[in-house]
Amino acid sequence: MHHAVIERWSQGQSFLHRRDARAKAAALLFLLIAIATGPGLPAAAGSVYFAILVLGFAAARVPVLGALARAAAVLPFSLAFAAIAAVSGDPARAAILVGKSYLSALAVLLLVATTPLPKLLRGFEGIGVPRFLLMVGQFVYRYLFVIAAQAASMRLAASCRGGFGKSGSAHETRFRAAAGALAVLFARSYGAAENIHRSMLSRGFEGHFHLLRNPRFGPADWTFLLSSAAVAVVVRGI
Amino acid sequence: MHIPDGFLSTQVWAALDVLAAPAVGLAVRKTRREFDEGRIPLLGVMGAFVFAAQMINFPVGIGTSGHLVGGALLAYVLGWPAASVVMTAILAIQALVFQDGGILALGANITNMAIVGVLAGYLPFHLWGGGGATARKIAIFAGGFTSVLVSALLALVQLGLSGVPMPAPVAGISVGLFVVSALLEGAITLAVVQALETINPGFVRTARGSHSRGAAIVLATAVFLAAVGVIFASTHPDGLEQLAINAGISQRATNLFATPFADYEAGFLQSAWLRKAAAGLAGLALVCAACIGFGRFAARKRSA
Amino acid sequence: MPESSLVRVRNLRFRYPDGTQALDGVCFDLFPGECVAVLGPNGSGKTTFLMHLNGLLSGEGEISICGIAVQKDTLREVRQKIGFVFQNSDDQLFMPTVLDDVAFGPLNLGMPPEQASDRARRALEQVGMQHAQGKAPYHLSAGQKKRVAIAGVLAMEPAILVLDEPTTFLDPPGRRALLELLKTLPQAKLLVTHDVGFARDLADRAVFFDQGNIAGTGTVEHVAEKCGWR
Amino acid sequence: MPESSLVRVRNLRFRYPDGTQALDGVCFDLFPGECVAVLGPNGSGKTTFLMHLNGLLSGEGEISICGIAVQKDTLREVRQKIGFVFQNSDDQLFMPTVLDDVAFGPLNLGMPPEQASDRARRALEQVGMQHAQGKAPYHLSAGQKKRVAIAGVLAMEPAILVLDEPTTFLDPPGRRALLELLKTLPQAKLLVTHDVGFARDLADRAVFFDQGNIAGTGTVEHVAEKCGWR
Ligand SMILES: Nc1ncnc2c1ncn2[C@@H]1O[C@H](COP(=O)(O)OP(=O)(O)OP(=O)(O)O)[C@@H](O)[C@H]1O
Ligand SMILES: Nc1ncnc2c1ncn2[C@@H]1O[C@H](COP(=O)(O)OP(=O)(O)OP(=O)(O)O)[C@@H](O)[C@H]1O
Ligand SMILES: [Mg+2]
Ligand SMILES: [Mg+2]
C-alpha cells in the first residue's frame, strides 16, 4: 500500500529523523509560508527550494526519486488548473500553480518521511492542537489499515461474483449491493470499536490516556529550527 | 475537492486557518461533552471506515463509478460535532500522509468539508429527519447532497477569490459535475442508511423534526450564497465586490481585515483586489458563522 | 493428461509492486472431482496464488481454467467456472436478505430475475439453508453465514470451488457439518487451510507452499509429516 | 476451600437488553495454578461469562476475584488481578507502537513512565518480542500480534489470565509456539476455545457451556467425549 513505503522511510536514523517533531513541523511551516507568500515563484527561488528539499531527502537517506514521484500525487489537480490558466492566457500563473503546489507537497513529504506519524501527532500537541483531536487522528491512522484490508477483501469477494461497478445485472442491484457492503463494513467497524473499548477497560483505562515519554527539545533542535527559518526567509527574498 | 498548497492567496488561506481553528476547537469541546476519552476509538474507527469506504465503488452509469464522501453519514451517526472532529482528523491525515490537500490550505479544506460540509449535511436531517418515512428519506438524501455541493462550491469560491483563473465555461462545467457528485452522495448516503437500518436500527440517530423555518432559510441561504459566489467570482471579476458594496459590508469588511494586516504593509489595502477578497471572505465568514451558530442552537434544542 | 485438468498452472511468477516476490515458478494441476489441500506458513503465497486463478492478479506464466487461458477477455467466463469462498463470510454477504445475496452472482451473469432467484433457491437447498431466504445475512450464526456464502458461489454453478480457510470461527459441530456439506458437493475443490485435521478428512492430496513455491506434494499425511506441519 | 479460589462465581444470571438470557445460573471456581478450558457451541454464553469476570458486564449473582467481590468500586483492583487476551489481536493493539501498547496498562495503574516502560520491556522479553518494541503493531504477523497482546496483559502482573480463542489466525507453528509460551507462564488460566486439541494439550480440566449454563465438567477428554465435542 501507498503509505507503507513512507512509514518505512520514517523509521530511519539520520540527523533529520532524530530532530524533535515540533522543530520539524515548525520548520515546515516556515518553508511553506515562504513558498506561499513569495511574490510569484521566480525560477531561481524555485530551484533553490527544490535543491534544499532534494538535499534534505538525500541527507535523510530517503530514496530521492521515490520521493519525487510520490509528491507528484498533487500534479493531476495542479496540472488541470494550470492548463486552464494557460488556456485563459495566464501561463505565468500556470507555472506558479504547478511549482508552488509541487514544492509544498515535497516539503510535507520530507517531514512525514523523517517523522513517524505518532511522533508527529504528539509533536502537534506541543503546538497547541487539542489532544482529543490528535488521539482521534491516531486511531484513524491505526485502524485505517485494518478496515481498509476488510474493504479490500469485500471488493475482491464481490468482483468474484461480478463486482459492484461493472455491467451485468440491473444497475440498482449493484448499487444496493455496494450500499450493503458499506453497511456491513460499518457494522464491523462499530463492533471493532466496541471491542477496543472493552480491551482498554480491561487494562485499567479510567477515562484518560497516559502517554509514555515526552520528547526533549534539545539545542540541536533549536539550531535546526532557527537555521531552517533563516534559510526560508533568505530564499524567499531571492 | 482537497485544495493543495500554492493555490490559495495568502489572505484566503490565512483567514480560513484563523476561522477553522476556533471552529474545530468548538467542535472538540462539544464532542468531549458527549463522548469521553474512552470513546475515542469509536471516533477513530469511524474515521478509518470513511477512509476505507472510498474503496467500495458505486456504479454511476456508463463506465464510471463514485464513492461515499461520508460527512453527512458521520453526522447522522455521531452527531455533527463529533463528525466534524472525525472529518478534521481525516483531512489532516490525508494532507500529511497521502499528500492530498495542503497544510496551509488545511484551514480551507476543514472549513469546506469538516465544518460547513458536515453542518450542511446535518441540517436537513435535523429539520426534516423526524417527520414521516418519506420526509426522512428526503432529508437523508438532501443531507448528503448539500454536504458535498456546499463543500465543493466553497472550494471553488476560494479558488476564484485567490485569483485562480476560472473562465465561465469551466466554472459552469465544474458546478455541473459537483451537482452530479452531490446527487450521487445523496443516493449513496440514503442507500447506506437504509442498509444499516436492516442491520441495526440503533446506529442512526433519531432526528427531532423541528420544522424551524429559520434554519431552513439559513441552509438555503448558505447554498445560495455559495452558488452565487462561484458565479460572481468566476464570471464577473468585480461582481463579488459589487455585491458586497450593495450589501454594505465591503467597507466594514475592509476595516475588519485592515487591522490585522495594517502593520504588515501600509499601502497594501489600497488595492481593489484585496478589498474584493476581504469582502468575499467576510461573506464566507458570515455563512460559516451562521452555520456554526445554528448548529449550536440545534444542538441545544436536541439535548433539551 | 493435461487436456482434462481443470486448473493448469505453469511456471507462475508474481512480484508485488513493493518488490516482494510472492510467487516464484509455481506449477500446479487440479483434475476433475479432486480435492486438493493447500498448506503452508503465513505469507508463503497461498492467497496470492488463488488470486491468480480468476485473474484478480496477473503475473508471468500460463494459467488455464477448464481449458480457457486466463486473460483479460476471458475473465468473465473464467470467473463463472471458478467459485471463491472467502475466509470471513462477512466479506462476502452484503445484500439485505439471504436470497438477494445468493442471487447477486447469477444476476450479474445477466440472468433474468425469475431464473436467478430459482437458481438461488436451489443453491440454498443444496447447503440446507432454504428456510433462511428472507433473513438478513448479518445476523446469522457463523456456520450459517458460511453456508450462505457457499450457496452464493454455488448459484453461479462453478466447476471448481476454492475455499480460503473455511473453518475459521466455526465450533466443532459447525466444522463437522461443513465437512459433510463439502463432501456432498461434486465440484473439484481447492482448499487453503491451517487446519490439518480438516484437510486430512477432506482432501485427496496436498501441496505445501513455502516462499512462493510448492515445496512438497503428496497425501495430506505425507506432506504434513515431511514438512513438520501438524 | 473456597477462600483460596482465584475466581469464584455463584449463580450468575445475565439477560441482554434485547431479552436474550445469555447466562442462567453459572457456578464456577478457578484455583491457583490451574488451567481450565471453556468449551461450548457458538452462542452458548462463553464470552458473556468472561466479560462478567472483570465487570465489563454485570448480572445477578456473586463473583469474586482473588477474594475481592466484583463491584463498581473494586473494578480497578479486579482488573489488575485478571488479564484478558481478546480473540482479535487488532482490537487489543491500539497504540501506535508495540512499547506504547504494552505500557498502556501499567500507565493506567498510575505508574510513572520510566517504570512503566521497564515493566513493558520485561513483559516483551517474557513473550520473546523485545526486538519489536518500536514497531507499529500492524506490521506484525498474526503470531507476533498475539504475543504482544499477551505481553500487554502480563505487564499488569495479573494473577489470572483469560484467553478468548487464542488460536484464531495462527498457522500450526504459530499455534505450537503459543502453546509452549502459555505453558511457561505461571498464572492460572481460563481458556475459551473451539480447538479441542489445543485445550487437551494445555488445560487441566474443562467446563462445557450450553445455553448459558455449565452442562458438563471434567478432563478435556472426558468432556469432549460426553458432549460429543471433537
Ligand atoms: N498487497 C501486497 N503488497 C505487497 N506484498 C504483499 C501483498 N499482499 C501480500 N504480500 C506479501 O506476499 C507474500 C505472500 O502473501 P500471501 O497473502 O499470498 O500469503 P498466504 O500464504 O496467503 O499467508 P496466510 O496463511 O497468512 O494467509 C507475503 O510475504 C506477503 O507479505
Ligand atoms: N450485545 C448483545 N446483545 C444481545 N444479545 C447478545 C449480545 N451479545 C451476545 N448476545 C447473545 O448472547 C448469547 C451468548 O453469546 P456469547 O457471545 O456469550 O456466546 P459465545 O459462547 O461466546 O459464542 P462464540 O463461541 O460464537 O464466541 C448468544 O445467544 C448471543 O446471540
Ligand atoms: Mg492467505
Ligand atoms: Mg465468544
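Proteins get letters first, then strands, A, B, ... in listed order; numbering begins at 1 in each. Being a predicted model, the structure only gives us computed values, none of them experimental.
In this structure, A:Phe77 and B:His2 have side chains that are not in contact, with every pair of non-hydrogen atoms separated by 4.5 Å or more. Side-chain atoms of A:Leu29 and B:Leu104, non-hydrogen and from C-beta on, do get closer than 4.5 Å to each other. Looking only at side-chain heavy atoms (C-beta outward), B:Leu184 and A:Phe175 come within less than 4.5 Å of each other. Looking at A:Leu109 and B:Gln99, their side chains come closer than 4.5 Å, going by heavy atoms from C-beta outward. Side-chain contact check for B:Val170 versus A:Phe81: every heavy-atom pair is 4.5 Å or farther apart. No side-chain heavy atom of B:Ile103 sits under 4.5 Å from any side-chain heavy atom of A:Ser104.
The CG atom of A:Leu156 lies 9.0 Å from the CE atom of B:Met55; values are rounded to the nearest 0.5 Å. Between the NZ atom of A:Lys100 and the CG atom of B:Asp5 there is a distance of 10.0 Å, given to the nearest 0.5 Å. Atom CD1 of A:Ile84 sits about 6.5 Å away from atom OG of B:Ser174, to the nearest 0.5 Å. The distance from atom CZ of A:Phe132 to atom CG of B:Asp36, rounded to the nearest 0.5 Å, is 8.0 Å.
Pairing each heavy atom of B:Pro4 with each of A:Ser101, the nearest pair is CB-CB, 4.3 Å. Considering every non-hydrogen atom in both A:Gly137 and B:Ile93, the closest pair reads O-CD1, 3.1 Å. For B:Ile56 against A:Ala151, the heavy-atom pair with the smallest separation is CD1-O, 4.0 Å. Closest heavy-atom contact between B:Trp13 and A:Ala36: NE1-CB, 3.9 Å.
At a 4.5 Å heavy-atom cutoff, the contact between A:Met200 and chain B is made by side-chain atoms alone. Residue contact with chain B, scored on non-hydrogen atoms closer than 4.5 Å, is absent for A:Ile35. Proximity to chain B (any heavy atom under 4.5 Å) is restricted, for A:Ile196, to the side chain, taken from C-beta onward. Heavy-atom distances place the side chain of A:Val112, and not its backbone, under 4.5 Å from chain B. With a 4.5 angstrom heavy-atom cutoff, A:Ser78 touches chain B via backbone and side-chain atoms both. Interface residue A:Ala152: backbone and side-chain heavy atoms are both found under 4.5 Å from chain B. Both the backbone and the side chain of A:Ile33 come within less than 4.5 Å of a heavy atom in chain B. Only the side chain of A:Phe205 comes within contact range of chain B, judged by heavy atoms closer than 4.5 Å. Residue A:Val146 does not touch chain B at all, counting heavy-atom pairs closer than 4.5 Å.
Listed by chain and residue number, C:Asp100 satisfy the salt bridge (Lys or Arg N to Asp or Glu O under 4.0 Å) test with A:Arg176 (two or more places apart in sequence, or in another chain). Evaluation of the side chain to side chain donor-acceptor pair (under 3.5 Å) rule for B:Glu37 yields A:His208 as partners, not counting sequence neighbours.
Remark: of the listed residues A:Tyr190, A:Tyr143, A:Phe186, A:Phe139, A:Phe186 is the sole one forming a ring-ring contact (aromatic ring centres under 6.0 Å, His included) with B:Phe49.
For A:Phe30, the CZ atom counts as loosely surrounded, since its 6.0 Å shell holds 12 or fewer non-hydrogen atoms of other residues, nucleotides or ligands.
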